[in-house]
Amino acid sequence: MFLFSKLVWVFGQPLSLVFFLILFAFLALVLRFRRLGAFFSAFATLLLFVVLFTTTGNYLLQGLELRFPKPDRDPDNLQCMIVLGGAFENEVNTTGHGIEFNAGADRFIEALRLAKKYPQSRILVSGGDGSISGKYEGDAAASARFFPLFGVPHEQLIEERTSRTTFENAINTKELLASQGLANCLMITSGYHMPRSVGIFRKQGIDVVPWPTDYRTDGHVTLGLDFTQPSQNAQNMATAVREWFGLIGYYFAGRTSALYPR
């Protein structure tokens with residue numbers, strides 16, 4: 001299932017689809033199926049325009065981010081928090097043993113803030129190597145270097161180093177929570193990732209308090225044209241499409257509590 005999901009995404013992301021449509025158009029023209037070639041060419045052009053020069057991706061991402069609003073104040077007290085991996089540059093960190101972050105860094109910055117405010121809380125970092133090769137360290141390993149640098153003792157951490165997917169995050173976290181006697185933890189992950197995460201954890205019977213972070217939109221996006229940031233538009237489209245692939249795939253696999261949890 002893990003390898004299948006990786007391959008589906010390699011071929012199913014928007015810019016990959018554009019490439020294959022152009023390839024099909026070329027083959028159709030070579031084989032003298034001119035109408036079919038024209039259709040594939042037009043479809044590829046339209047899809048590329050939507051991905052690069054409209055706010056469609058941002059709009060889809062915004063919907064995911066707003067599904068679980070962040071509470072307007074910190075909890076009165078905090079026993080534990082679950083931080084889902086996906087924020088470290090694991091390939092770089094494995095080589096240099098550093099703490100290089102990607103765009104999801106807010107997950108761990110927010111966890112650090114809460115850990116300093118609630119020193120009695122436990123931090124369960126769930127994240128192994130999600131690459132196909134399996135030769136890199138995961139977020140849990142990198143976090144063991146990150147938190148102590150800011151005065152958070154290693155004893156406050158619980159490291160879950162083997163999960164490769166959100167489903168495995170939930171399965172492995174459930175066992176660790178039970179062994180540590182922890183329940184009703186905050187779950188910290190990116191806002192766009194929260195619907196899928198909550199659905200999977202609920203399916204496993206894990207009660208969590210959604211604590212979204214790492215927002216990519218301002219919450220006021222409307223559908224329209226945008227010629228100012230084509231690369232960012234493409235990235236946000238890919239992120240939104242990937243999440244919807246995950247929501248739909250997990251729903252039909254029976255691994256989430258609802259198609260679009262709320």
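If you're wondering where the values come from, they're calculated on a predicted model, not measured in any experiment.
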Within the side chain of Lys203, is there an N or O that forms a donor-acceptor pair under 3.5 Å with the backbone of Ala258? no
Tell me whether Asn236 contacts the main-chain N or O of Gly57 through its side chain, where contact means a donor paired with an acceptor under 3.5 Å. no
Less than 4.5 Å apart, any side-chain heavy atom of [X] and any of [Y]?
{"X": "Leu186", "Y": "Leu78", "value": "yes"}
{"X": "Val50", "Y": "Met237", "value": "yes"}
{"X": "Phe88", "Y": "Phe146", "value": "yes"}
{"X": "Thr166", "Y": "Arg196", "value": "yes"}
{"X": "Thr173", "Y": "Leu124", "value": "yes"}
{"X": "Asn233", "Y": "Leu52", "value": "no"}
{"X": "Met187", "Y": "Met194", "value": "yes"}
{"X": "Val83", "Y": "Phe108", "value": "yes"}

Could you give me the CA-CA distance, side-chain angles and deciding distance for Thr162 and Glu168, then say whether side chain to side chain donor-acceptor pair (under 3.5 Å) is met? CA-CA 8 Å; Thr162 62; Glu168 292 180 1; over 6 Å; no
Give the C-alpha distance, both sets of side-chain angles, the deciding distance and a yes or no for side chain to side chain contact (heavy atoms under 4.5 Å, CB included) between Leu47 and Leu21. CA-CA 10 Å; Leu47 180 58; Leu21 286 169; 4.2 Å; yes
Residue set satisfying salt bridge (Lys or Arg N to Asp or Glu O under 4.0 Å) with Arg67, at least two apart, ordered chain then number -> none
Are [X] and [Y] connected in the hydrophobic side-chain network, where two residues link if heavy atoms are under 4.5 Å apart?
{"X": "Val18", "Y": "Leu27", "answer": "yes"}
{"X": "Ile248", "Y": "Ile200", "answer": "no"}
{"X": "Ile171", "Y": "Leu84", "answer": "no"}
{"X": "Phe19", "Y": "Leu29", "answer": "no"}
{"X": "Leu182", "Y": "Leu176", "answer": "yes"}

Residues Lys135 and Asp129 bridged, charged N to O under 4.0 Å: no
Salt-bridge criterion met for Arg216 and Asp106 (N-O under 4.0 Å): no
Compare every heavy atom of [Y] with every heavy atom of [X], then report the nearest pair and how far apart it is.
{"X": "Asn169", "Y": "Gly127", "result": "ND2-N, 4.1 Å"}
{"X": "Val51", "Y": "Pro14", "result": "CG2-CB, 3.8 Å"}
{"X": "Arg107", "Y": "Gly85", "result": "NH1-O, 2.6 Å"}
{"X": "Ile99", "Y": "Ala142", "result": "CG2-O, 3.8 Å"}
{"X": "His97", "Y": "Thr94", "result": "CE1-O, 3.7 Å"}

For [X], I'd like to know if atom [atom1] has over 12 heavy atoms of other residues, nucleotides or ligands within 6.0 Å.
{"X": "Gln180", "atom1": "CD", "answer": "yes"}
{"X": "Phe252", "atom1": "CZ", "answer": "no"}
{"X": "Phe43", "atom1": "CZ", "answer": "no"}

Report the distance from atom [atom1] of [X] to atom [atom2] of [Y], rounding to the nearest 0.5 Å.
{"X": "Ile123", "Y": "Leu112", "atom1": "CD1", "atom2": "CG", "result": "7.5 Å"}
{"X": "Gln229", "Y": "Gln235", "atom1": "CD", "atom2": "CD", "result": "11.5 Å"}
{"X": "Thr54", "Y": "Leu223", "atom1": "OG1", "atom2": "CG", "result": "7.5 Å"}
{"X": "Lys174", "Y": "Ile206", "atom1": "NZ", "atom2": "CD1", "result": "6.5 Å"}
{"X": "Asp74", "Y": "Lys117", "atom1": "CG", "atom2": "NZ", "result": "3.5 Å"}
{"X": "Ser131", "Y": "Glu91", "atom1": "OG", "atom2": "CD", "result": "6.5 Å"}

Does the side chain of [X] pick up a donor-acceptor pair with the side chain of [Y] at under 3.5 Å?
{"X": "Asn90", "Y": "Asp139", "value": "yes"}
{"X": "Ser126", "Y": "Asn172", "value": "no"}
{"X": "Ser163", "Y": "Glu160", "value": "yes"}
{"X": "Gln62", "Y": "Asn58", "value": "no"}

Could you go through Tyr136 and Thr95, starting from their C-alpha distance and side-chain angles, then the distance that decides it, and tell me whether this counts as side chain to side chain contact (heavy atoms under 4.5 Å, CB included)? CA-CA 9 Å; Tyr136 304 112; Thr95 302; 5.9 Å; no
Go through Ser121 and Met81 one step at a time and tell me if the side chain to side chain contact (heavy atoms under 4.5 Å, CB included) criterion holds. CA-CA 7 Å; Ser121 64; Met81 63 188 96; 3.5 Å; yes
Output, in order, the C-alpha distance, side-chain angles, deciding distance and verdict of side chain to side chain contact (heavy atoms under 4.5 Å, CB included) for Leu225 and Thr55. CA-CA 6 Å; Leu225 301 177; Thr55 61; over 6 Å; no
Which pairs count as ring-ring contact (aromatic ring centres under 6.0 Å, His included) when at least one residue sits in residues 159-208, sequence neighbours excluded? none
Please identify which of these residues, Phe24, Phe33, Phe26, meets the ring pair (Phe, Tyr, Trp, His ring centres under 6.0 Å) condition with Phe40. Phe24
Which is it for Trp244 and Tyr251 under the ring pair (Phe, Tyr, Trp, His ring centres under 6.0 Å) test, yes or no, and what are the steps along the way? CA-CA 10 Å; Trp244 272 106; Tyr251 178 74; over 10 Å; no
